[in-house]
2 protein chains.
Amino acid sequence: MKDGDGPGDGDPDGDGDGCGVLPGSIRPGGRTARVRASVLRAAGDALAEHGFAGLDLADVASRAQVGRTTVYRRWGSAGALVADLLVDMAEQSLARSRTGSLLGDLKENARLVQRTLVDPRQGPLFRAILAAAATDDSTARALRRFYEIRVAEWAGCVDDAVERGEIPAGTDAREVVRAVSAPLYYRLLTTAEPPDETAANRAAEGAFVAAHAGVYLRVRPGAPQPGAVGDPEPAGEHEVGR
Amino acid sequence: MKDGDGPGDGDPDGDGDGCGVLPGSIRPGGRTARVRASVLRAAGDALAEHGFAGLDLADVASRAQVGRTTVYRRWGSAGALVADLLVDMAEQSLARSRTGSLLGDLKENARLVQRTLVDPRQGPLFRAILAAAATDDSTARALRRFYEIRVAEWAGCVDDAVERGEIPAGTDAREVVRAVSAPLYYRLLTTAEPPDETAANRAAEGAFVAAHAGVYLRVRPGAPQPGAVGDPEPAGEHEVGR
DNA sequence: GCCTTAACGGAACTTCCATCCCCTTAGCGG
DNA sequence: CCGCTAAGGGGATGGAAGTTCCGTTAAGGC
């Protein structure tokens with residue numbers, strides 16, 4: 001939790017012109033920083049427990065041991081509060097792994113995502129945040145930035161794999177990373193069982209095999225053939241497979 | 001829109017024991033059916049326009065030209081209303097395609113999902129429904145049933161492909177179908193651009209290649225090798241590829 | 001076609017959440 | 001260390017969302 005960064009995109013002034021100075025931006029030290037840390041922590045707890053619809057700003061305030069007025073003045077709405085929480089979460093992103101093989105890195109990523117989604121606190125928290133983003137526009141923007149950062153971090157694994165000749169040059173690295181996360185989130189949202197380790201491995205292997213077959217090439221060739229989607233030697237000098 | 005089926009899992013009586021007869025179950029004909037159809041239609045419109053958080057039952061009532069009391073009595077809450085809407089949507093599921101090849105069928109499915117998600121009405125509606133399900137428990141149950149039905153319908157394509165020898169026997173058909181939808185939903189929720197046709201093709205091809213490589217086998221062999229994930233001849237007599 | 005009563009509908013009522021007012025606390029420049 | 005004022009806190013206020021009451025309409029059995 002860093003000092004000195006104000007809330008997200010909300011406009012608690014309500015005048016819409018953004019000219020009024022946001023509370024917390026002039027004296028960001030001491031108490032102001034403590035209040036922000038405390039409120040964001042409380043907001044995360046409340047979201048994990050009651051979901052976005054059940055998010056009561058008065059409850060957040062009392063959990064954080066600050067006045068209700070303070071929460072309303074600095075964040076203004078539940079959506080803006082979640083957006084600021086996402087800014088805070090984005091700053092705490094973990095570094096990607098470097099196992100030496102793409103499949104190894106993708107599996108590390110998949111397990112990280114999977115463990116996050118089944119975590120008793122983080123899982124419900126992510127569900128709640130996704131709900132908030134589907135509802136509130138400023139939250140949606142913060143969520144996109146959050147995933148942009150995470151995806152860009154792990155895309156390095158894919159670029160490294162291209163250099164090693166594991167997968168074809170011209171592969172859209174971010175698409176590969178997204179292909180790993182997607183099945184895990186889909187399962188979280190549409191089935192009763194949260195993703196398990198098997199699901200994580202399948203997600204990583206699926207993305208790996210598809211990347212290897214050239215499915216995520218930025219310039220896409222014609223329809224793939226069974227067993228040789230996108231051609232076994234699509235665009236580069238790499239002699240894997242066979 | 002069928003007559004005779006009451007609301008979802010909500011308990012508008014509020015007594016919690018479920019013994020009180022639900023409104024609409026004794027005289028489901030004429031007016032009652034008209035009211036349900038009209039309210040569900042209005043709820044869908046309102047959801048698509050304002051999202052789940054902006055769903056006002058009074059607004060739904062006036063759109064549907066029924067009394068507010070009626071909506072509260074028969075559905076009781078926004079979540080229960082969305083749950084009933086999902087029951088209605090599940091009944092209108094379209095039949096799967098039969099192009100003769102797995103890749104062709106998966107592409108048809110991917111395009112169907114993609115077109116739904118970018119549709120001016122359906123896209124926002126699905127976003128709103130996902131938000132509702134992440135928040136409300138009865139909605140989540142209805143959503144799971146909805147996808148169970150859809151996935152089961154398209155799983156037939158995968159089973160046919162196994163019989164044709166396109167992919168290994170023992171493949172988890174529903175996992176393959178989910179693998180097609182997942183990237184499209186993930187993109188809808190976490191990026192600014194809704195999925196396009198390229199994304200749909202990638203989703204279908206990725207699932208196809210992974211299925212062919214044995215990633216979705218119910219009994220999973222050891223870690224896959226590059227170019228031969230799950231073994232080129234995993235479990236059956238099929239001579240595709242090479 | 002009549003009767004019973006399920007289901008609908010309008011309006012008053014209650015509750016809860018966001019906002020406003022004004023006083024208190026404490027960050028930060030001098 | 002002092003003073004100015006940004007930021008926080010408690011309580012009152014206004015309004016919107018949900019609930020209840022009771023009269024009205026029409027479904028379905030005879």
Side-chain angles (χ1 to χ4, degrees), chain A residues 3-7 10-16 20-40 42-43 46 50 52-81 84 136, chain B residues 3-7 10-16 20-40 42-43 46 50-81 84 135-136:
Chain A
D3 302 348
D5 33 27
D11 186 10
D13 295 301
D15 49 11
V21 182
L22 295 179
S25 57
I26 295 179
R27 287 181 186 173
R31 182 167 63 166
T32 298
R34 258 190 326 272
V35 164
R36 185 171 112 102
S38 179
V39 168
L40 290 187
H50 308 302
F52 182 65
L55 187 64
D56 179 10
L57 295 204
D59 175 54
V60 171
S62 74
R63 280 170 190 256
Q65 297 189 303
V66 302
R68 304 170 204 76
T69 315
T70 300
V71 178
Y72 282 110
R73 184 172 34 228
R74 286 191 58 182
W75 288 276
S77 73
L81 181 57
D84 196 31
D136 181 77
Chain B
D3 302 348
D5 33 28
D11 186 10
D13 294 304
D15 50 10
V21 181
L22 296 178
S25 57
I26 295 179
R27 287 182 186 174
R31 182 167 64 166
T32 298
R34 259 190 326 271
V35 164
R36 185 171 114 104
S38 179
V39 168
L40 290 186
H50 308 301
F52 182 64
L55 187 64
D56 179 11
L57 295 205
D59 174 53
V60 171
S62 74
R63 279 171 191 257
Q65 297 190 304
V66 302
R68 304 186 243 348
T69 315
T70 300
V71 177
Y72 281 110
R73 182 172 34 230
R74 285 193 58 182
W75 288 277
S77 73
L81 181 56
D84 195 31
T135 292
D136 182 79

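In what follows, every chain begins at residue 1, and chains take the letters A, B, ... in the order their sequences are listed.
- Summary for the helix from C:dG1-D:dC30 to C:dG30-D:dC1: the axes at its two ends, each from 5 pairs, differ by 50° when rounded to the nearest 10 degrees.
- B:T32 places none of its side-chain heavy atoms less than 4.5 Å from the side chain of B:I26.
- Atom-to-atom, CG of A:L57 to C1' of C:dC17 comes out at 9 Å; the value is rounded to the nearest Å.
- Proximity of A:T69 to the phosphate of D:dG8: no side-chain N or O atom is located under 4.0 Å from OP1 or OP2.
- Between B:V35 and B:V71 the shortest side-chain heavy-atom distance does not fall below 4.5 Å.
- In this structure, A:R36 places its CZ atom 12 Å from P of D:dG8, rounding to the nearest Å.
- Going from atom CH2 of A:W75 over to atom C1' of D:dA7 covers 12 Å, rounded to whole Å.
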Filtered N/O pairs between nucleotides 27-30 of chain D and protein, under 3.5 Å:
residue	atom	partner	partner atom	Å
D:dA27	OP1	B:R31	N	3.4
D:dA27	N3	B:R27	NH1	3.0
D:dA27	N3	B:R27	NH2	3.3
D:dG28	OP1	B:P28	N	3.4
D:dG28	OP1	B:G29	N	2.8

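- Two residues, A:R68 and B:R68, neighbour DNA chain D, and the one matched to the more 5' nucleotide by heavy-atom proximity is A:R68.
- Between B:D84 and B:R74, no side-chain nitrogen of the basic residue sits less than 4.0 Å from a carboxylate oxygen of the acidic one, so the salt-bridge criterion is not met.
- Under 4.0 angstrom from either OP1 or OP2 of C:dA7 there lies no side-chain N or O belonging to B:R74.
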Residues 52-62 of chain B side chain polar contacts: donor-acceptor under 3.5 Å, at least two apart:
residue	atom	partner	partner atom	Å
B:D56	OD1	B:A58	N	3.1
B:D59	OD2	B:R63	NE	3.0
B:S62	OG	B:D59	O	3.1

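- Remark: the A:R73 side chain and the D:dG8 base include a donor-acceptor N/O pair separated by less than 3.5 Å.
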Nucleotide N/O of nucleotides 15-17 of chain D paired with protein N/O under 3.5 Å:
none

